[in-house]
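Data first, discussion second: the structure below is written as structure tokens.
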Amino acid sequence: MALQLSTHRSGSDVTVAVDGEVDLATVGELESAVAAAVADGAATTVIVDVSGVKLLDSAGIGALLKGRRQADERGRHYRVIGAAGIVAEVLRITGVYDHLVNDAS
Amino acid sequence: MIGKGSDADAQKLRYLEVITDAALSQLGLEDLLAELLERVRELVQADTAAILLVDSSGTELIATAASGLEQDVRQGVRLPIGQGFAGTVAARQEPIAIERVDHSNVLNPILVNVGITSLLGVPMVSGGQMIGVLHVGTLAPRKFTREDVELLRLVADRASLATQARLSRLDRAAAVALQRSLLPGRLPAVRGLDVAARYVPGAEVGVGGDWYDLFLLPSGHVGIVIGDVAGHGLHAAVVMGRIRSALRAYALETADPADVLSRLDRKVQLFEPDAMATVAYAVLDPDGTAMQVSSAGHLPVLVAEQGKPAQTLDVPPDLPVGAYRGAPRRSTRVELGAGACLFLYTDGLVERPDRSIMVGIKALVAALSCAPADTMCATAMATMLTDRAATDDVAVLAVRRRP
């Protein structure tokens, strides 16, 4: 299944909506979309919406974590929303759920 | 002498071909090239002949073989492509002849010191790629002819073929040696412990980012590791090798697994900025009755008391190594009865694209009970991987306190 990404801005929030499967083959696209959102000069908060994600493996988790690091470097807020079902499970079991879902900035 | 008739040339060339073919199977590359250069000098009536090969970066030529100019090779002469005589031949990828050598057209002081007057150089091309330069020189002034150029080109072709074949063989041998060094090694025998492991790489290349490790520390503690570097194939394996090694080094400094993983995290963040790995690290007390465990985003370690079924250890996972600077890490103390078993694994064992990972872990837990280490490994692999080949790396490690 392909990966579909769409980015939209609402005020100073930029949301990257992710749909489909995130794996080694598609993770590059996700990374680019998140990096672009973080680089957006008019944004103060980057949101990654994973409610449409069917599959997330370690590569995908890596991309989400990378986004958090990049956001921190640019002084942006960052959080992952819409994690549910098996996606939430895999985020919890690898200890990254709180780090990604709670906006610490 | 050149020009005495095409029969003489043809014969000489055939002689050359015979030498080259026979030598291919017997001589090492350097010897073969040196032999070739001897013949070329004779054939073209030159005083010197040399071969320079492009280095691994593709930006410099290295003197590899010489006849009459052995100093070049001994002194490791290097020439940037584009500079000096050979460098210019390489850059232009066409033959160049110089009737009178001087400092303006030649960079290599050895050529000038030896007293070379005229030079003819041709590029060595293999598979469309420029791999080196072959040149001949004379002490007396010489106008090189078209026949000289053609002869040199022919020899250059033979030398290119031989060089490419040898280098490919060396490359492959080096790759295989590197791969072998990255594979998990034999587990040490530790008194009081029964240990076994399995490793199945997901990629065709035969290595990957998963690993297990077990070692006895000078203090008497035993380090037990399972890890998974994000990514796959040779690149992940190379990063894994460094992480595996660094963990061992930090393990020597402190028996607290959270401390070890924190140091490892710092090192990875600084030196491998894009790398990420999950790791579970347990440090067994010298008497084996308890251990400290720290998890860097890794799947739950399983434990089973003697004669009992397995269950997941309640060790709260911290962030993976390489995920975030200064990530806090915790150690959890776990008591172990006599004959207790531990089972560690990577996600390749339990993950399936169409299924929740919790389902996979539950299936593994249901299948395992405390048993000899090798039996636990076999059971896990058979239960979890019956109906499919692993697409991801799989590494498992079983440890049992001898009752």
Side-chain angles (χ1 to χ4, degrees), chain A residues 1-3 20-28 30-32 34-35 38 48 53-80 83-105, chain B residues 202-203 208-210 227-233 235-236 261 265 269 273-280 294-301 312 314-330 346-348 350-362 391-393:
Chain A
M1 191 183 178
L3 183 71
E21 294 186 359
V22 182
D23 54 23
L24 218 54
T26 57
V27 72
L30 173 59
E31 283 185 5
S32 300
V34 172
V38 171
V48 184
V53 174
K54 305 282 180 292
L55 175 76
L56 186 73
D57 69 358
S58 57
I61 295 174
L64 295 175
L65 287 167
K66 194 170 181 180
R68 171 71 202 269
R69 276 204 310 272
Q70 287 172 334
D72 275 17
E73 273 164 34
R74 297 288 281 257
R76 312 254 190 270
H77 296 264
Y78 178 94
R79 61 177 186 275
V80 173
I86 64 177
V87 171
E89 251 174 15
V90 80
L91 292 180
R92 282 193 202 282
I93 210 159
T94 51
V96 304
Y97 187 88
D98 287 340
H99 179 73
L100 290 174
V101 167
N102 300 334
D103 187 353
S105 295
Chain B
D210 286 14
D228 180 349
V229 174
H232 65 300
H235 179 73
L261 293 181
D265 196 4
Q269 300 225 11
D274 282 324
M276 209 170 320
T278 64
V279 186
S294 187
S295 166
H298 201 81
L299 296 179
V301 172
T312 56
D314 199 4
V315 172
D318 302 308
L319 289 179
V321 162
Y324 197 69
R325 211 176 316 188
R329 300 196 177 276
R330 300 158 285 185
T346 55
D347 61 6
V350 294
E351 207 167 49
R352 278 207 213 166
D354 52 330
R355 180 182 81 175
S356 153
I357 205 166
M358 299 309 301
V359 171
I361 295 174
K362 283 202 177 80
T391 45
D392 194 4
D393 293 353

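Numbers restart at 1 for each chain; the letters A, B, ... are given by sequence-line order, proteins then strands. From a predicted model like this one, the values you see are computed outputs, not experimental measurements.
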Return the option, out of B:G231, B:P317, B:G322, with the maximum number of heavy-atom pairs under 4.5 Å with chain A.
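Heavy-atom pair counts peak at B:P317.
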Leading residue by heavy atom contact count with chain A [cutoff under 4.5 Å; candidates B:A323, B:P316, B:S295]
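Ranked by heavy-atom pairs under 4.5 Å with chain A, first place is B:A323.
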Which portion of B:P300 sits near chain A, non-hydrogen atoms under 4.5 angstrom:
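Only the side chain of B:P300 comes within 4.5 Å of chain A.
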Heavy-atom proximity to chain A below 4.5 Å, by part of B:M276:
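When you check distances to chain A, only side chain atoms of B:M276 fall under 4.5 Å.
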Does A:D98 have any salt bridge (charged side-chain N to carboxylate O under 4.0 Å, His left out) partners at least two apart in sequence or in another chain, and if so, which?
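Residues passing salt bridge (charged side-chain N to carboxylate O under 4.0 Å, His left out) with A:D98: none at all.
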Gap between atom [atom2] of [Y] and atom [atom1] of [X] - 0.5 Å precision:
| X | Y | atom1 | atom2 | result |
| --- | --- | --- | --- | --- |
| B:D274 | A:R69 | CG | CZ | 7.0 Å |
| B:Y324 | A:R68 | OH | CZ | 4.0 Å |
| A:I86 | B:E351 | CD1 | CD | 9.0 Å |

Hey, are the side chains of B:P320 and A:L65 touching, using non-hydrogen atoms and a 4.5 Å cut-off?
yes
Taking only distance into account, with no hydrogens and no angle test, what donor-acceptor pairs under 3.5 Å do side-chain atoms of residues 89-96 of chain A form with protein atoms, sequence neighbours excluded?
unit_1: A:E89; atom_1: OE1; unit_2: B:S356; atom_2: OG; d: 2.4
unit_1: A:T94; atom_1: OG1; unit_2: A:V90; atom_2: O; d: 2.7
unit_1: A:T94; atom_1: OG1; unit_2: A:L91; atom_2: O; d: 3.4

